[in-house]
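Beneath this line is the structure, given in structure tokens, with notes to follow.
Just so it is clear: chains get the letters A, B, ... in the order the sequence lines come, proteins before strands, and each one is counted from 1. Only a predicted model underlies this, so the values are computations on that prediction, with no experimental measurement involved.
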There are 2 protein chains.
Amino acid sequence: MDENSQSLKTYTKLIRAAETALSCTQKHLSPQDLTLSQFGVLEALHHLGPLCQKELGQKILKSSGNITTVIDNLERRGLVRRERSSVDRRYVTVKLSSTGASLIQEVFPGVENLITEGLSCLSELEQDILAASCKKLGRAMEESPFSPK
Amino acid sequence: MDENSQSLKTYTKLIRAAETALSCTQKHLSPQDLTLSQFGVLEALHHLGPLCQKELGQKILKSSGNITTVIDNLERRGLVRRERSSVDRRYVTVKLSSTGASLIQEVFPGVENLITEGLSCLSELEQDILAASCKKLGRAMEESPFSPK
DNA sequence: TCTTGATGATTCAATGTCGAACCATCCACA
DNA sequence: TGTGGATGGTTCGACATTGAATCATCAAGA
């Protein structure tokens, strides 16, 4: 098989696997009315503690404008609080509220199980290799002339 | 490392690699004002010939409602034509127009190069393994209780 | 102190996307 | 023949996302 065509097929399989996984996760979260982005934010705050919006944007790979609306929606539901940083007033640090904390603690294990079960079709070694290849690939594409910013 | 945490990390790397790749492709296409979905449709028509909208939806993993608007936009630009099937009038077969055909022929090689170059950080063997793992994973997640339909 | 450039956040318009309701068409079966 | 269920496509409302423009704030240097 020629090299281009092989690469395309690999690329397609990667994309589709990721989209299938995301779609499953999304469906798993929909009963709680959580978007993937909202879940990503809650999960980041849960595991890393309070973060400013720029950091959140980098964590979940979304534009700054989008982060604002995601936080808006989380704040409206009382899952999260905004606080202007006193040391540098440009920054807004986002913190989990207590209801936000309990929601993510309640929801996260289910997502973890879903993912763990999905990935259980691969051996530990296979998972390591997959992770390593994805990491390499991610880096390589970031260096492309069309890198995401 | 415990098994859950390993799976999560692998999952995250997979998702991020895919999103980085998609984002690069998107940026590559934006000068032609083509969406990833629009490109996906043109590419499918280019390589597989005329298809009905349901088939297109399966190819690019989008909802039927969305396919309608994607085709609307492509048709408005004259890149594509709709034809009611005469044998079963429920079906709408979508065909590339001549300008659509030349656009995809002009654009596709660049995308192919972008992807091939990105994936060139992996050996052929590594690519094969990556593809196989993604395929397995995709199948496994489709059997999950939260499978995408 | 003032100005300039950089940076984080917000706003806004345009668009993509989904899911549900709906319409048209076909098919199987009585 | 005709009726009911299945199927492909469209419409519509709700929301996510982006990118550009804008605002507020900070830091560095004249």
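Not one side-chain nitrogen or oxygen of B:N66 sits closer than 4.0 Å to the OP1 or OP2 atom of C:dG16. For A:S64 and C:dT10, the shortest distance from a side-chain N or O to OP1 or OP2 is not below 4.0 Å. Contact between the side-chain N/O atoms of A:S37 and the OP1/OP2 oxygens of D:dA16 is not found at any separation under 4.0 Å.
In the model, B:Y11 has no side-chain atom that pairs as donor or acceptor with a side-chain atom of A:T116 under 3.5 Å. There is a side-chain donor-acceptor pair under 3.5 Å between A:Q6 and B:D128.
Here B:D88 lies in heavy-atom contact (under 4.0 Å) with sugar-phosphate atoms only. A:Q38 comes within 4.0 angstrom of the backbone, heavy atoms only, and of no base.
In this structure, the CD atom of A:Q26 is 11 Å from the C1' atom of D:dC15, given to the nearest Å. Spacing between atom CZ of B:R90 and atom P of D:dG5 amounts to 16 Å, rounded to whole angstrom units. One interatomic measurement links the two molecules: CG of A:D33 to C1' of C:dC18, which rounds to 14 Å at whole-angstrom precision. One can place CD of A:E19 at 14 Å from C1' of C:dC18, the figure rounded to the nearest angstrom. Residue A:Q58 contributes atom CD, which lies 8 Å from atom P of C:dG8 at whole-angstrom precision. Distance NZ (A:K62) to P (C:dG8): 20 Å, rounded to an integer number of Å. Atom CG in B:L29 sits about 13 Å away from atom P in C:dG16, given to the nearest Å.
The backbone N or O of B:S123 sits less than 3.5 Å from a side-chain atom of B:E126, completing a donor-acceptor pair. The backbone N or O of A:R81 sits nowhere less than 3.5 Å from a side-chain atom of A:S97 that would complete a donor-acceptor pair.
The aromatic rings of B:F108 and B:F39 sit parallel, their planes meeting at an angle under 30°, below the 60° perpendicular limit.
Taking every heavy atom of residues 67-82 of chain B and every atom of DNA chain D, pairs under 4.0 Å involve B:T68, B:R82, by number. Listed by residue number, the members of residues 47-57 of chain A with any heavy atom below 4.0 angstrom from DNA chain D form an empty set.
The minimum heavy-atom distance linking A:G118 with B:A140 is given by the pair O-CB, 3.6 Å. Taking all atoms of both residues into account, the shortest heavy-atom contact from A:L42 to A:L96 is CD2-CD2, 3.6 Å.
Across the interface with DNA chain D, nearest-nucleotide mapping of B:Y91 and A:T35 shows B:Y91 to be the residue nearer the 5′ end. Each of A:R84 and A:S63 lies near DNA chain D, and the nucleotide nearest A:S63 is the one positioned closer to the 5' end.
Not a single donor-acceptor contact under 3.5 angstrom links the side-chain atoms of A:R89 to the base of D:dT25.
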Could you go through residues 49-61 of chain B and list every donor-acceptor pair under 3.5 Å that involves a side-chain atom there, pairing it with any protein atom two or more places apart or in another chain?
from, atom 1, to, atom 2, distance (Å)
B:Q53, OE1, B:R82, NH1, 2.7
B:E55, OE1, B:C52, N, 2.9

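Using a cutoff of 4.0 Å between basic side-chain nitrogens and carboxylate oxygens, A:E75 and A:R77 are not scored as salt-bridged.
A:L122 places none of its side-chain heavy atoms less than 4.5 Å from the side chain of A:I129.
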